Amino acid sequence: MIYFVGAGPGAADLITLRGARLLAEADVVVYAGSLVNRELLASCKPTCKIHDSSHMTLDQTTSILVEAASAGKACVRLHTGDPALYGAIREQMDKLDEADVDYQVVPGVSSLFGAAAALGAELTVPEVSQTLIVTRAQGRTPVPEREQLRELAAHGSTMALFLSAALLDKAQEDLLAGAYEEDTPAALVVRATWPDERVYRCTVGTLAQCAQNNNVRKTAMVLIGNALEAHGTRSHLYSPAFGHEYRAALATDQEERQCE
Ligand code: SAH
């Protein structure tokens with residue numbers, strides 16, 4: 001069996017309990033060396049064979065995993081954050097399907113959430129934004145035409161940009177061509193949850209400049225939207241005026257007015 005495991009965003013204790021157990025039991029580990037925290041590998045068995053995939057091709061990682069799994073070994077393919085986001089796991093799973101090798105995916109904490117935590121942000125603040133767009137700016141990897149940043153920016157929702165720190169001049173232009181304003185809150189979180197995490201708050205109008213001034217070129221999450229700085233809003237869920245399955249409405253007139 002091969003387990004695709006989400007390593008979390010950086011801090012070694014942000015892997016799931018399941019992921020940590022599988023890592024400790026693994027006979028073979030292939031990890032994404034460019035981003036995964038090597039501290040995580042300290043829990044591997046002394047006999048575990050550990051491979052860094054950052055210098056390998058898909059065929060090379062696949063053959064290591066297929067060979068080991070076919071010999072009955074426990075394998076972990078360790079990806080940064082959550083494997084389902086920009087983890088290139090589809091192509092790996094296709095290869096494993098072809099080879100008739102079983103696999104499972106173990107989710108992880110995406111760097112998106114590591115970054116939101118660093119900012120102390122709720123990405124879905126009631127009446128500010130109830131939508132999170134997860135995307136990337138187009139660089140060497142193309143983005144489908146219908147998903148161009150300019151189009152997505154029309155919603156003005158909260159947005160997370162992966163893999164885009166070096167592409168912010170054009171990204172900023174595209175964001176401003178949509179519903180975002182020069183003063184819409186934005187933030188860059190570099191190496192979220194690592195000991196050297198850096199947080200820069202800026203606006204959509206100063207995003208590219210902020211990245212340049214602070215030499216931010218990689219391993220950064222870009223978060224955008226009014227939700228980042230929205231204060232004083234109230235949810236229905238915890239409003240005394242709002243009854244639901246687990247709690248009856250309790251509101252006084254005054255409290256009800258505050259929640260409107
Ligand atoms: N699967 C990963 C994303 C891999 S793509 C996840 O769920 O987080 C790599 C991109 O993720 C980087 O270019 C950067 O945009 C982001 N990233 C990964 N780790 C990060 C971290 N600790 N802090 C900020 N951004 C990070």
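Keep in mind that this is a model prediction, so the values were computed, not measured. Whatever order the structure lists them in is the order used to number ligands and atoms, beginning at 1.
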If you scan protein heavy atoms around atom 11 (O) of ligand 1, the nearest is Phe162 CD2, 3.5 Å
What is the closest protein heavy atom to atom 1 (N) of ligand 1, and at what distance does it sit?
-> Leu85 O, 2.7 Å
Under 6.0 Å from the CG atom of Leu237, do we count more than 12 heavy atoms belonging to anything else shown?
-> yes
Looking at atom 5 (S) of ligand 1, what's its closest protein heavy atom, distance included?
-> Tyr86 CB, 3.7 Å
Considering residues, nucleotides and ligands other than Glu67, do more than 12 of their heavy atoms fall under 6.0 Å from its CD?
-> no
Lys/Arg N to Asp/Glu carboxylate O, Arg150 vs Glu173, below 4.0 Å = yes
Have a look at ligand 1 and work out which part of Ala220, if any, has a heavy atom under 4.0 Å from it: side chain, backbone, both or neither.
-> backbone
Using a strict cut-off of 4.0 Å, indicate which atoms of ligand 1 neighbour a heavy atom of Ser110.
-> 6 (C), 7 (O), 8 (O)
Give a yes or no answer on whether the side chain of Tyr3 reaches the backbone of Ala26 with a donor-acceptor pair at less than 3.5 Å.
-> no
Have a look at ligand 1 and work out which part of Leu35, if any, has a heavy atom under 4.0 Å from it: side chain, backbone, both or neither.
-> side chain
Taking atom CZ of Arg90 as the centre, does the number of heavy atoms from other residues, nucleotides or ligands within less than 6.0 Å exceed 12?
-> yes
Nearest non-hydrogen protein atom, atom 21 (C) of ligand 1 | Ala192 N, 3.4 Å
Answer yes or no for Leu163: is there a heavy-atom contact with ligand 1 below 4.0 Å?
-> yes
From atom 26 (C) of ligand 1, work out which of Gly87, Ser111, Ala166 has a heavy atom at the shortest distance.
-> Ser111
May I ask you to say whether Glu25 pairs ionically with Arg21, meaning some side-chain N is under 4.0 Å from a carboxylate O?
-> yes
Residue-ligand contact Pro9/ligand 1, heavy atom below 4.0 Å | yes
Ignoring hydrogens, just give me the one of Val189, Asn37, Leu223 whose non-hydrogen atom is nearest atom 24 (C) of ligand 1.
-> Val189
Is the closest basic N to carboxylate O distance between Asp27 and Lys45 below 4.0 Å?
-> yes
Using a strict cut-off of 4.0 Å, indicate which atoms of ligand 1 neighbour a heavy atom of Trp194.
-> 22 (N)
Is there a donor in the side chain of Asp59 and an acceptor in the side chain of Thr57, or the other way round, less than 3.5 Å apart?
-> no
Numbering the atoms of ligand 1 from 1, which are under 4.0 Å from a heavy atom of Thr80?
-> 1 (N), 2 (C), 4 (C), 6 (C)
With a cut-off of 4.0 Å, which atoms of ligand 1 are near a heavy atom of Asp82?
-> 1 (N), 6 (C), 7 (O)
Does Arg191 have a non-hydrogen atom less than 4.0 Å from ligand 1?
-> yes
Tell me, yes or no, whether the heavy-atom count around Lys218 atom NZ, taken from other residues, nucleotides or ligands under 6.0 Å, exceeds 12.
-> no
Between Tyr103 and Arg77, is any side-chain donor less than 3.5 angstrom from a side-chain acceptor?
-> no
